[in-house]
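A short worksheet on the structure shown next.
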Amino acid sequence: MSGTYTKTYEVRLQELPKNLAELQAMPEAALKEPQNTAALTIAALALYPSDKNAALEMLEFLHGPKGLSTYDKQFIADRFRDKDYVPRSYFEGAVPENGYEPAKPYKLVLFENPYSRDQLKDGYLTLHVKSGGADSARQIKLRTKPSTGQWFLWEQFLLADIRKPISADPWA
């Protein structure tokens, strides 16, 4: 990774939730720390290929008052065509060589850069996360709800294309 990182967060998940109830039972689901909301967003996206409806329910919860728009749902569906491995690439140990199978427990390293807090006075924080299949980090923008102290997903840029798993790359 290149650049200056002003703060780094590490989130470990023993298991990935398989539905909204499991997600809400996790301590991270209190959404009191922005890195936990970001980590749960990645966990929800990782579920999408095997259970679209459960993943969308989790993302709806993580969006909080904003909700998940029809556009958001269509965008996610479009990005998942033939690329179910992209969300897994953010977990430590997930690289093209192993088909993006992450190590357990699931570990995510998120970080701020010098611009992450540019909109903090308006309630927004942008975190970044490195993919095992991309050269540049991806962004997750979060918004706080001052009345509850919770952080919600505002927008994510996690589903951009990355390198194919070696097993799926005819040029490997």
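- Taking CG from L108 and CD from E10, the interatomic distance works out to 9.5 Å, rounded to the nearest 0.5 Å.
- Aromatic ring centroids of H63 and F152 lie 6.0 Å or more apart.
- Side-chain N/O atoms of E112 and Y9 include a donor and acceptor closer than 3.5 Å.
- D78 and K73 are not joined by a salt bridge, as no carboxylate oxygen comes within less than 4.0 angstrom of a charged side-chain nitrogen.
- Side-chain heavy atoms closer than 4.5 Å link hydrophobic residues (I, L, V, M, F, W, Y) into clusters, and following such links, even through other members, never connects L40 to Y124.
- Listed for the K130 side chain is a donor-acceptor partner under 3.5 Å among the backbone atoms of A134.
- Ring-plane geometry between H128 and F111 is classed as parallel, the angle between the planes falling under 30 degrees on a 0 to 90 degree scale with a further cut at 60.
- Among S131, P96, P165, the single residue meeting the side-chain contact (heavy atoms from CB on, under 4.5 Å) criterion with S89 is S131.
- Separating the CG atom in L16 from the CZ atom in R88 is a distance of 10.5 Å, to the nearest 0.5 Å.
- Taking the ring axis of W154 as reference, the NZ or CZ atom of K66 stays within 45° of it and closer than 6.0 Å to the ring centre.
- No chain of hydrophobic side-chain contacts below 4.5 Å, direct or via other Ile, Leu, Val, Met, Phe, Trp or Tyr residues, connects V95 to L158.
- Between the side chain of D72 and the backbone N or O of S69, at least one donor-acceptor pair lies under 3.5 Å.
- Side-chain contact check for L110 versus T8: every heavy-atom pair is 4.5 Å or farther apart.
- Residue Y90 is grouped with residue L159 when hydrophobic side chains (ILVMFWY) are merged at heavy-atom distances under 4.5 angstrom, including chains of intermediate members.
- Looking at D169, its side chain does come within 3.5 Å of a backbone N or O of W171 through a donor-acceptor pair.
- The closest side-chain donor-acceptor pair between Q14 and K104, if any, does not fall under 3.5 angstrom.
- With rounding to the nearest 0.5 angstrom, the CZ atom of F61 is 6.0 Å from the CG atom of L23.
- Between atom CG of residue N113 and atom CG of residue D118 there is a gap of 8.0 Å, rounded to the nearest 0.5 Å.
- The backbone N or O of W151 lies less than 3.5 Å from no partner atom in the side chain of T144, so there is not a single donor-acceptor pair.
- Using a 4.0 Å cut-off between a side-chain N of Lys or Arg and a carboxylate O of Asp or Glu, E92 and K107 qualify as a salt bridge.
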